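Report on one structure; see the data block that follows.
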Protein chains: 2
Amino acid sequence: MSPPSGSPIATRACTVARHMAGSPVPCSTCAARQFSICAPVPESELTEFFAMSARIRVEARRHLFNEGDPAQHVFNITAGTVCLSKALADGRRQITGFLSEGDFIGLAHGDSCAYGAEALTPVEACRFPRERFEQYMAKHPDVERRLLQIASTELAAAQDQMLLLGRKTASERLASFLLRLSDRAVARGEPANLVALPMTRSEIGDYLGLTLETVSRTMTQLRKAGAIDLDNVNMVRIVSQDSLRRLAGTV
Amino acid sequence: MSPPSGSPIATRACTVARHMAGSPVPCSTCAARQFSICAPVPESELTEFFAMSARIRVEARRHLFNEGDPAQHVFNITAGTVCLSKALADGRRQITGFLSEGDFIGLAHGDSCAYGAEALTPVEACRFPRERFEQYMAKHPDVERRLLQIASTELAAAQDQMLLLGRKTASERLASFLLRLSDRAVARGEPANLVALPMTRSEIGDYLGLTLETVSRTMTQLRKAGAIDLDNVNMVRIVSQDSLRRLAGTV
DNA sequence: CGAATATTTGAACTTAATCAACCGAGGTGG
DNA sequence: CCACCTCGGTTGATTAAGTTCAAATATTCG
């Protein structure tokens with residue numbers, strides 16, 4: 001499913017940095033990814049970039065950081081799936097996004113993390129000390145510009161999600177969700193009609209503002225309506241893009 | 001309510017530009033505003049900035065632009081209140097934010113506007129041609145950096161809103177909303193306990209993912225609970241910050 | 001004053017949440 | 001190896017929160 005991210009890379013040679021070197025060989029993990037921080041950087045400055053990066057691995061179910069932690073690092077995911085979430089005092093939580101290879105974490109930070117980040121699968125990531133990353137960024141407007149692009153894209157996605165959460169019905173939410181995952185799959189060169197769900201029903205619920213039961217029921221509805229099929233619990237086959245799109249309203 | 005924004009300013013001398021000149025006199029409309037694009041720019045480059053700005057006025061209920069329009073301009077609001085919204089085909093809509101003096105519109109644009117912008121009150125704004133603004137920005141990393149800050153702040157706000165829309169009850173939503181407005185009021189030097197609502201119940205509903213009836217009923221609840229009082233329909237007096245905060249959960 | 005618009009309140013209804021039972025796959029230990 | 005346990009998922013019955021439809025009351029503005 002994911003590209004061969006176990007390929008021989010020096011432990012500290014993070015994929016972001018490699019890509020930034022402008023190497024003609026596209027980086028195996030972050031190449032052409034929508035959110036990855038890719039910008040050409042002269043070879044001479046690469047050492048500096050290498051020096052501040054570290055490759056980390058996080059087991060499934062472990063947290064990269066928690067809501068409220070001091071914001072010490074920024075990350076570029078190179079493998080696996082991460083979810084970002086905010087919680088209320090009584091435990092209700094909202095997942096604000098699912099991230100995978102090529103996605104960047106570290107925007108929207110003040111001094112402390114405004115959200116938590118949890119690995120849903122085993123995760124690999126490049127980690128940069130936040131402060132040094134920002135100093136570096138200040139010297140490289142290209143990187144800053146790329147980050148502004150990323151932020152703008154995320155903002156647009158957040159607005160779509162607000163429309164979904166505020167105004168869509170359960171089936172519209174789930175249909176929209178599956179279509180987005182399908183688009184993502186296409187963007188990374190996978191077939192459009194086969195959507196993997198690396199997250200549980202409960203996590204989908206926390207993302208869509210529903211309960212896990214409603215997610216399950218709605219999944220069954222979509223199946224009975226002939227829009228999707230479940231190859232297994234976490235592999236959805238989209239049978240009819242059209243009916244799914246009609247069910248979704250938009251996005 | 002709003003600061004004296006009718007003070008003598010040359011028609012094309014937009015407040016953003018004035019502030020950017022690093023004038024010791026703080027700009028009457030965008031000074032110290034959280035989202036305003038303020039950065040020191042040498043006097044010599046000011047002409048260029050003036051040249052591309054225009055001061056516009058928009059009547060209440062009129063649109064600055066519609067969802068789907070080609071994205072031609074960016075704006076800095078200098079007076080009045082604007083709402084940004086996205087709609088579904090059948091008319092359901094989600095308001096993604098209320099903006100007022102000092103707020104910037106123009107992030108998250110692709111080639112076309114991802115959302116519409118409507119004046120809720122008479123509005124004044126500085127308008128910049130998008131393309132020229134971006135060229136200018138490219139030459140001034142300071143402005144770009146400021147915009148990244150803005151985007152990050154908006155992203156954090158969007159995540160708060162997702163938590164609100166996905167997981168909070170009606171009274172928690174309304175309480176959170178009033179507290180945010182109160183914080184905004186404080187930020188502009190107004191009293192914390194007196195919150196003006198320049199928008200209708202229906203617009204509040206479209207922002208909070210509720211119907212106008214639920215907004216009205218919930219307002220009554222909060223009043224009966226002794227958390228707020230209604231001086232008139234669009235002026236809320238916060239009687240007990242504490243109970244409001246307790247009702248809100250967070251934010 | 002009167003029309004138009006916004007708000008409040010009421011009653012019936014709908015959607016999704018809650019509570020609860022059951023199913024099935026995967027892993028553990030006897 | 002198999003019984004058992006756990007965890008995630010599905011399905012059912014009931015309930016609650018908020019929507020919808022409807023009517024009455026304020027408010028604004030010409």
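Note that these values count all heavy atoms, side chains included, but never hydrogens, waters or copies made by symmetry. Fair warning: this is a prediction, and the values are worked out from it, not measured in the lab. Lettering of chains follows the sequences in order, A, B, ..., and the numbering in each one begins at 1.
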(message) I'd like to know if the side chain of B:Arg246 pairs up with that of B:Ser240 as donor and acceptor (distance under 3.5 Å, no hydrogens or angles considered).
(response) no
(request) Would you mind reading off the distance between B:Lys224 atom NZ and C:dT8 atom C1', rounded to a whole angstrom? (result) 10 Å
(message) Does C:dT15 have its OP1 or OP2 closer than 4.0 Å to a side-chain nitrogen or oxygen of A:Thr169?
(response) no
(message) So for B:Arg61 and C:dT5, does any side-chain atom that can act as donor or acceptor lie under 3.5 Å from a complementary atom in the base?
(response) no
(request) For A:Leu208, answer base if it contacts any base atom (sugar-phosphate contacts may also be present), sugar-phosphate if it contacts only those atoms, and nothing otherwise; contact means non-hydrogen atoms under 4.0 Å. (result) nothing
(request) Answer yes if the side chains of B:Thr218 and B:Arg173 hold a donor-acceptor pair under 3.5 Å, and no otherwise. (result) no
(request) Mark yes or no for whether A:Arg237, through its side chain, and A:Leu230, through its backbone, hold a donor-acceptor pair below 3.5 Å. (result) no
(request) Write down the distance between CD (B:Glu213) and P (C:dT9), rounded to a whole number of angstrom. (result) 13 Å
(message) Distance check needed: C:dT15 C1' versus A:Lys168 NZ, whole Å only.
(response) 18 Å
(request) Tell me what A:Gly205 touches on the nucleic acid: a base, only sugar-phosphate, or nothing, going by heavy atoms under 4.0 Å. (result) nothing
(request) Output yes when a side-chain donor or acceptor of B:Arg201 lies under 3.5 Å from a complementary backbone atom of B:Thr211, and no otherwise. (result) no
(message) From CZ of A:Arg217 over to P of C:dA20, roughly how many Å is that when rounded to an integer?
(response) 14 Å
(request) Please report, rounded to the nearest Å, how far the C1' atom of C:dA17 is from the CD atom of B:Glu172. (result) 15 Å
(request) Please report, rounded to the nearest Å, how far the P atom of C:dT7 is from the CE atom of B:Met219. (result) 9 Å
(request) Give the first and the last nucleotide of DNA chain D, reading 5' to 3', that has any atom under 4.0 Å from a heavy atom of chain B. (result) D:dG18 to D:dC21
(message) For a quick check of understanding: with a heavy-atom distance under 4.0 Å over all strands, which category does A:Thr200 fall into, base, sugar-phosphate or nothing?
(response) sugar-phosphate
(message) Rounding to an integer number of Å, can you tell me how far B:Leu222 CG sits from C:dT7 P?
(response) 16 Å
(request) Note the angle between the end axes of the helix from C:dC1-D:dG30 to C:dG30-D:dC1, five pairs defining each, rounded to 10 degrees. (result) 30°
(request) Mind calculating the distance between CD (B:Gln221) and P (C:dT9) to the nearest angstrom? (result) 11 Å
(request) Would you mind checking if B:Glu203 and B:Arg61 are paired as a salt bridge, meaning a charged N to carboxylate O distance below 4.0 Å? (result) yes
(request) Go through the steps to decide whether A:Glu172 and A:Arg245 satisfy the test salt bridge (charged side-chain N to carboxylate O under 4.0 Å, His left out), and finish with yes or no. (result) CA-CA 9 Å; A:Glu172 289 170 337; A:Arg245 250 174 235 297; over 6 Å; no
(request) Check the side chains of B:Gln72 and B:Arg127 for a donor-acceptor pair under 3.5 angstrom, ignoring hydrogens and angles. (result) no
(request) Verify the contact: side-chain N or O of A:Thr214 to OP1 or OP2 of C:dA16, cut-off strictly under 4.0 Å; return yes or no. (result) no
(message) Is it the case that the side chains of A:Lys86 and A:Thr96 hold a donor-acceptor pair, with the cut-off being a distance below 3.5 Å and no angle test?
(response) no
(request) Answer yes or no: is there a donor N or O on one side and an acceptor on the other, between the side chain of A:Ser85 and the main chain of A:Gln94, under 3.5 Å? (result) no
(message) Does the plane of the ring in A:Phe75 sit parallel, tilted or perpendicular to the ring in A:Phe65? Use 30° and 60° as the thresholds.
(response) parallel
(request) Give A:Leu212 one of three labels, base, sugar-phosphate or nothing, depending on what nucleic acid heavy atoms sit under 4.0 Å from its own. (result) base
